[in-house]
Amino acid sequence: MRIWFPYVATLFVFIWSMNLIGFIPLPFGERHVDVFGLSVPEFQIYAASANLSVTLALTLVTFFATHIEGIRYNGPVKYFKSWMPSGLPSPRPFGAKTPAVLILLGLIAVIEVLSQFVRIVSLSFRLFFNMLAGHLVIAVFLGLASLLGTYFILPIGIPMGVALYLLECTLIAGLQAFIFATLSAIYIGGAIHPDH
Amino acid sequence: MALEGNVHDASRALELGIATGIGAIGPGIGVGFIFGKTIEAVGRQPEMRGQLQGLMWLGFALTEAIIFYALGMAFVAYAIA
């Protein structure tokens, strides 16, 4: 629907800028390092989207928007019926249905309801762990020398860390914002027009 | 054979590495399939490139997310073990 374009576009711009701001190293560390007599705090990178609360809040907005719009446009009965895949036999309990068909229909209904709630987990965890794992991998490669206790690993660790940093900045940050916005649009659009 | 040293911490570290590594196998194969099939499709129908690229990135991100479920569960196991 056209009226949901501003929401999706805002999601994209908001998440993208949140991811990119997170990759600016800022002197927020608790430990201080002595550089030529100057006590400099450690530089850290931490994106707001590498926090589960932020991504879960955004996901819940999409989740409630999906179902409220679905019910508003289709009515509750038609909307909740549209969760079931098309082509199934209709569940009339007193018709000429064998119990096996009814049991199967019940199982499919349980799976479909679960899949609606799994969307919350998948949408929020995708963004959260992408950013968190990006930070962790960069930190591991840059800190490889102190982890292993040798400086001979530095010529490998520093370029790998920088390469992963550039990959995260240029590709992953934008891609994850795009994915989050696109999936939100797909979910909301699918709820408004269930038949296609 | 008696085990010496800090077996508890060692097993936690091993768990994190092994769980993440095994969890990376499936998404790795899947991501390779997605890019390979997209290249195949673009080779067959080059005029569809724009549409296929959007679908490719969507599928890539959906597949890639599976490793993060393994990573998340590995972190949970690491934290509570």
Side-chain angles (χ1 to χ4, degrees), chain A residues 8 11-12 15-16 19 47 49-53 55-56 58-59 115 117-141 143-144 147-149 164 167-168 170-187 189-190, chain B residues 5-6 8-39 41-42 48-81:
Chain A
V8 173
L11 265 187
F12 176 70
I15 295 172
W16 195 12
N19 292 348
S49 46
N51 189 325
L52 186 55
S53 313
T55 60
L56 193 59
L58 291 173
T59 309
S115 82
F117 285 93
V118 165
R119 281 176 179 184
I120 302 179
V121 178
S122 69
L123 202 56
S124 59
F125 271 52
R126 180 177 301 116
L127 182 55
F128 164 55
F129 271 122
N130 257 297
M131 300 324 288
L132 186 68
H135 292 331
L136 280 177
V137 171
I138 293 168
V140 165
F141 271 110
L144 211 54
L147 278 178
L148 298 180
L164 281 166
L167 174 80
E168 291 282 327
T170 52
L171 183 63
I172 304 292
L175 183 63
Q176 290 309 314
F178 168 72
I179 290 302
F180 199 99
T182 309
L183 282 178
S184 297
I186 288 173
Y187 290 161
Chain B
N6 196 340
H8 182 243
D9 278 1
S11 62
R12 281 170 73 197
L14 275 177
E15 171 270 326
L16 186 56
I18 292 172
T20 314
I22 293 177
I25 295 173
I29 295 171
V31 167
F33 251 89
I34 287 166
F35 281 100
K37 289 282 177 189
T38 311
I39 291 167
V42 171
M48 293 278 286
R49 191 189 179 109
Q51 290 179 34
L52 288 172
Q53 257 178 352
L55 284 175
M56 177 185 78
W57 286 119
L58 193 65
F60 164 73
L62 287 175
T63 314
E64 183 209 35
I66 294 169
I67 173 62
F68 296 117
Y69 303 146
L71 189 64
M73 289 304 120
F75 274 129
V76 169
Y78 184 81
I80 65 174

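Sequence lines set the chain letters: A, B, ... in the order given, protein chains first and strands last, and positions in each chain run from 1.
- Side-chain atoms of F125(A) and Y69(B), non-hydrogen and from C-beta on, do get closer than 4.5 Å to each other.
- Contacts of I66(B) with chain A are absent, with no heavy-atom separation under 4.5 Å from either backbone or side chain.
- Contact check for E64(B) versus I172(A): side-chain heavy atoms found under the 4.5 Å cut-off.
- For chain B, the nearby part of L171(A) is the side chain; its heavy atoms alone come within less than 4.5 Å.
- For the residue pair A61(B) and R126(A), the shortest heavy atom distance occurs at O-NE, 3.7 Å.
- The CZ atom of F68(B) sits 3.5 Å away from atom CG of N130(A), with the distance rounded to the nearest 0.5 Å.
- The 12-atom threshold is exceeded at CZ of F35(B), counting heavy atoms of other residues, nucleotides or ligands nearer than 6.0 Å.
- Looking at L127(A), neither its backbone nor its side chain comes within 4.5 Å of chain B, counting heavy atoms on both sides.
- Proximity of L71(B) to L132(A): side-chain heavy atoms (C-beta onward) are nowhere separated by under 4.5 Å.
- With contacts defined as side-chain heavy-atom distances shorter than 4.5 Å, the pair F60(B)/L175(A) qualifies.
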